[in-house]
**Student:** 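What follows is a structure written as structure tokens; I'll ask about it next.
Numbering of residues begins at 1 and proceeds along the displayed sequence.
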Amino acid sequence: MESPKQFPPATTPTCLSLSLSLYIYIYITHSSHRSHQLISNPFISKMKNLPILCALFLLILSLNLIVEARIRHYRWEVKYEFKSPDCYRKLVITINGRSPGPTILAQQGDTIVVDLKNSLLTENVAIHWHGIRQIGTPWADGTEGVTQCPILPGDTFRYKFVVDRAGTYLYHAHYGMQREAGLYGSIRVALPDGEKEPFVYDYDRSIILNDWYHRSTYEQAAGLSSVPFVWVGDPQSLLIQGKGRFNCTTPGTAAALCNATNPECSPYVFTVVPGKTYRLRIGSLTALAALSFEIEGHNMTVVETDGHYVEPFVVKNLYIYSGETYSVLVTANQDPTRNYWAVSKMVSRNNTTPNGLGIFNYYPNHLSRSPPTVPPSGPWWDDVEARVNQSLAIRSHPDYIHPVPQTSDRVIILLNTQNRINGSVKWSINNVSFTLPHTPYLISLKHNLLHTFEQTPPPDTINGYEAYDINVAPPNVNATSSNSLYRLKFNTTVDIILQNANTLNDNNSETHPWHLHGHDFWVVGYGDGKFNASEDPKTYNLVNPIMKNTVPVHPYGWTALRFVADNPGVWAFHCHIESHFYMGMGAVFEEGVEKVKKLPSSIMGCVVVIPRDFLSHRCLFLYFL
Ligand SMILES: O=C1O[C@H]([C@@H](O)CO)C(O)=C1O
């Protein structure tokens, strides 16, 4: 059973302090023995030094403990391994042999150091620390093409950053579509000693919900880039903390690859002690699916999202979108003589993916005892109203309101459409389908390599926005691909309006979870239909909006966000659906890049930066020739 807080055992500092103290003690006694030959009794001589020894021990121990509490050091090896998380054998990207990878457990203010060895043989990698704002360390955000060059096979890269706020966060690959191959995990940051949460619980657990495809990320990416376009389709299964169950008798399944009795695909078991309350930290890192999660017969009280306390509200099922995290409190207050189902279900798209099932196990019932009931079937996939209602229910906890600026300096309306460019299906934002540059923006901007990306910024809104009909397939005018970015004036307040619309298919609009790097934003409003720039801002919640880093825009609706551009760096903002970002559904913001300190050379593996003084020496040299 996990304890509410888990930190590395104190044995290392104690041993270190003891040995250091003993060493100094021996040194002192030895030298005092030599210099005070008059004290004939060596025992008395040693006793005289005992208080010094104790003081030394305590001093070194406390220094050690302070250092230990502030730096969490991890050594990770990333590689491909054959695994069967849902009974179907495929190549999975693991960290130290595991997917999900190890949970990072830290306390607010700690420094996290991850030495990441890329053992993928022929593939690059980068890891993003999702929800960590990277204040002062924008180069550690782990976004390939934006903040760093990829980590090459065989290389070891050090990520070093501070977790400055307690809460529930995630980490995952941010290179190509690698995240969905299994490279992800949880980050749990505890409050500083002596500070209390605004709710009580007995135990703290993290789980990640995911969807799972049997085809490789390469096959999927190649399909998305092909003409004719090949869509990735529905996921084959849903995983709860890396465990799922695919039906091996599904027609077309290679029998040699699917083994229903493989212990790797036993259901995830969540063991609870009757009467106890659990803080369940739920994160979603699906490639595509919006999910509903529920525990049969148990209510869940939502208390935190993306590192911010929520005015508590009770749900039977929690809607969660890729990139979001929630803490819910669940009390084991039902009939303790049986087990219950935990169910994740794909919603918001009509789909063929079977529900993911786990077991909510009441101790001391056997872990694998199937609940005596049929698993709950979950909500209708197309119940948009229920999902919008949950979005509207999420407000800041009254005692933890971060006051929102009452006005903004700039409004950017981002129209989300699907388009066809050169025969390929793409996603576009204001008719621009985003592509990543080869040279990461952070490096280009700091080193003035402005030829490495397109300099005309994308538009703040489309021409003729008022006339645009969001209810029909886009007319596909002026859609282009570009790697240009938005440059935000430092310290200004920016409103982003995410405007949803019809896809290329008639009568279809999808849900997109948008994630902002380097910031939390206030979610100031949601609306149905087309955003009205003169009327809708009057309906904004400027009293107690929640702050988040990922938020959905619902079908045919809009979502309004506000943030202050006060974190020097270059930050990606994109749909967290893996294939949608790959198809261009993203943007990048730059702010205060001139304030960013000297970049570490470790992020620059793909760039040849010729130092200015070297250039001038060479010029001099040529001149003299
Ligand atoms: O990006 C997408 O492409 C397909 C479809 O719209 C084109 O076939 C789909 O369902 C998406 O979400």
Side-chain angles (χ1 to χ4, degrees), residues 79-94 97-100 120-121 123 173 176-184 207-226 228-269 284-293 322 341-359 367-368 370-371 374-378 381 577-580 582:
K79 63 174 189 232
Y80 271 110
E81 288 178 66
F82 283 104
K83 294 221 173 260
S84 308
D86 68 344
C87 304
Y88 186 90
R89 189 166 177 267
K90 67 168 271 190
L91 278 173
V92 175
I93 304 183
T94 60
R98 292 156 60 182
S99 170
L120 294 178
L121 304 178
E123 213 173 299
M177 289 171 57
Q178 268 175 352
R179 185 183 89 218
E180 64 177 72
L183 183 40
Y184 62 86
I207 58 165
I208 297 189
L209 307 177
N210 204 16
D211 50 12
W212 198 244
Y213 287 93
H214 291 168
R215 273 191 288 156
S216 72
T217 53
Y218 280 121
E219 232 177 312
Q220 293 194 20
L224 295 174
S225 310
S226 300
F229 172 81
V230 182
W231 173 238
V232 296
D234 293 333
Q236 276 64 58
S237 47
L238 298 180
L239 308 185
I240 301 180
Q241 194 56 11
K243 282 168 167 285
R245 204 168 177 79
F246 178 71
N247 180 356
C248 291
T249 62
T250 306
T253 308
L257 294 179
C258 206
N259 175 5
T261 60
N262 187 328
E264 276 180 45
C265 58
S266 58
Y268 176 70
V269 178
S284 169
L285 282 175
T286 52
L288 175 71
L291 296 174
S292 159
F293 177 78
S322 183
W341 295 108
V343 184
S344 72
K345 175 186 172 134
M346 184 166 167
V347 293
S348 147
R349 302 175 68 100
N350 197 357
N351 66 88
T352 52
T353 309
N355 292 353
L357 294 178
I359 293 180
L367 307 178
S368 61
S370 256
V374 176
S377 55
W381 70 267
I577 292 176
E578 192 89 302
S579 44
H580 286 183
Y582 185 83

**Student:** Check whether any side-chain heavy atom of Q241 sits under 4.5 Å from a side-chain heavy atom of P100, and report yes or no.
**Tutor:** yes
**Student:** Kindly say whether T286 contributes a backbone atom to a donor-acceptor pair with the side chain of Y184 at under 3.5 angstrom?
**Tutor:** no
**Student:** For a side chain to side chain contact (heavy atoms under 4.5 Å, CB included) check, start with the C-alpha distance between Y88 and C265, then their side-chain angles and the critical distance, and finish with the verdict.
**Tutor:** CA-CA 9 Å; Y88 186 90; C265 58; over 6 Å; no
**Student:** Could you check whether any side-chain heavy atom of L224 comes within less than 4.5 Å of a side-chain heavy atom of V232, counting everything from C-beta outward?
**Tutor:** yes
**Student:** Are the side chains of D86 and L239 in touch, meaning some heavy atoms are under 4.5 Å apart?
**Tutor:** yes
**Student:** Do any pairs count as a salt bridge (Lys or Arg N to Asp or Glu O under 4.0 Å) and have a residue in residues 349-358, sequence neighbours left out, and if so which ones?
**Tutor:**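 Applying salt bridge (Lys or Arg N to Asp or Glu O under 4.0 Å) to every pair that reaches into residues 349-358, excluding sequence neighbours, yields R349-E510.
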**Student:** Is it the case that the side chains of D234 and T352 hold a donor-acceptor pair, with the cut-off being a distance below 3.5 Å and no angle test?
**Tutor:** yes
**Student:** Flag the pair H580 / S322 as yes when at least one side-chain heavy-atom distance between them is below 4.5 Å, and no otherwise.
**Tutor:**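 No - every pair of side-chain heavy atoms lies 4.5 Å or more apart.
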**Student:** Judged by atom type as modelled, is there a donor-acceptor pair below 3.5 Å linking the side chain of T94 to the main-chain atoms of K79?
**Tutor:**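 Indeed, once roles are kept as given, a pair shorter than 3.5 Å links the two residues.
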**Student:** CG of D211 to CE of M346: how many Å apart, nearest 0.5 Å?
**Tutor:**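 These two atoms lie 7.0 Å from each other.
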**Student:** Counting C-beta onward and ignoring hydrogens, is there a side-chain heavy-atom pair between I240 and S344 closer than 4.5 Å?
**Tutor:**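 With C-beta onward as the side chain, the pair touches.
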**Student:** If you look at every heavy atom in S284 and L291, which pair is closest and at what distance?
**Tutor:** OG-CD1, 4.3 Å
**Student:** Could you tell me whether the side chains of S266 and K243 share a donor-acceptor contact shorter than 3.5 Å?
**Tutor:**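 Present: a donor and an acceptor within the cut-off.
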**Student:** List in chain and number order the residues that pass side chain to side chain contact (heavy atoms under 4.5 Å, CB included) with S292, two or more places apart in sequence or in another chain; answer none if no residue qualifies.
**Tutor:**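 Per chain and number, S292 pairs via side chain to side chain contact (heavy atoms under 4.5 Å, CB included) with N317, Y319, V347, P379.
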**Student:** Search all heavy atoms of I359 against all heavy atoms of P267 and return the closest pair with its distance.
**Tutor:**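 Closest heavy-atom pair between I359 and P267: CD1-CG, 4.1 Å.
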**Student:** Would you check if Y80 and L121 make a side-chain contact, meaning some heavy-atom pair closer than 4.5 Å?
**Tutor:** no
**Student:** Is there a donor-acceptor pair closer than 3.5 Å between any side-chain N or O of K345 and the backbone N or O of S377?
**Tutor:** yes
**Student:** With distance as the sole test, does T253 use its side chain to make a donor-acceptor pair with the main-chain N or O of T249 at under 3.5 Å?
**Tutor:**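 It does not hold such a pair.
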**Student:** Decide side chain to side chain contact (heavy atoms under 4.5 Å, CB included) for N259 and R89; before the verdict, give the C-alpha distance in whole Å, the side-chain angles of both, and the deciding distance to 0.1 Å.
**Tutor:** CA-CA 8 Å; N259 175 5; R89 189 166 177 267; over 6 Å; no
**Student:** Using atom types as modelled and distance alone, determine if a side-chain donor or acceptor of T353 lies under 3.5 Å from a backbone N or O of P235.
**Tutor:** yes
**Student:** Can you give me the closest heavy-atom contact between P375 and L357, atom names plus distance?
**Tutor:** CB-CD2, 3.7 Å
**Student:** Which pair of heavy atoms, one from P85 and one from V92, lies closest together, and at what distance?
**Tutor:** CD-CG2, 4.3 Å
**Student:** What's the separation between atom NE2 in H214 and atom CD in E219, rounded to the nearest 0.5 Å?
**Tutor:**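 H214 NE2 to E219 CD: 12.5 Å, rounded to 0.5 Å.
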**Student:** Counting distance only, does the side-chain N/O of Q178 pair as donor-acceptor with the main-chain N or O of A173 below 3.5 Å?
**Tutor:**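 Judged by distance alone, no pair lies under 3.5 Å.
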**Student:** Just how far is it from atom CD1 of I93 to atom OG1 of T217, taken to the nearest 0.5 Å?
**Tutor:** 6.5 Å
**Student:** So which heavy atom on Y268 is nearest to which on I207, and how close?
**Tutor:**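 Nearest pair, atom of Y268 first, then I207: OH-CG2, 3.4 Å.
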**Student:** Return the minimal non-hydrogen interatomic distance between S579 and W231, and the atom names on each side.
**Tutor:** OG-CH2, 3.5 Å
**Student:** Between E578 and Q220, do the side chains contain a donor N or O and an acceptor N or O under 3.5 Å apart?
**Tutor:** no
**Student:** Sequence neighbours excluded, which residues qualify as side chain to side chain contact (heavy atoms under 4.5 Å, CB included) partners of A260?
**Tutor:** R245, C248
**Student:** With side chains defined as the heavy atoms from C-beta onward, is the minimum distance between F82 and L91 less than 4.5 Å?
**Tutor:**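 With C-beta onward as the side chain, the pair touches.
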**Student:** Do Y213 and E180 have side chains that get closer than 4.5 Å, going by heavy atoms?
**Tutor:** yes
**Student:** Look up atom CG in L238 and atom CZ in F293, then write down how far apart they are to the nearest 0.5 Å.
**Tutor:**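 Between atom CG of L238 and atom CZ of F293 there are 11.5 Å.
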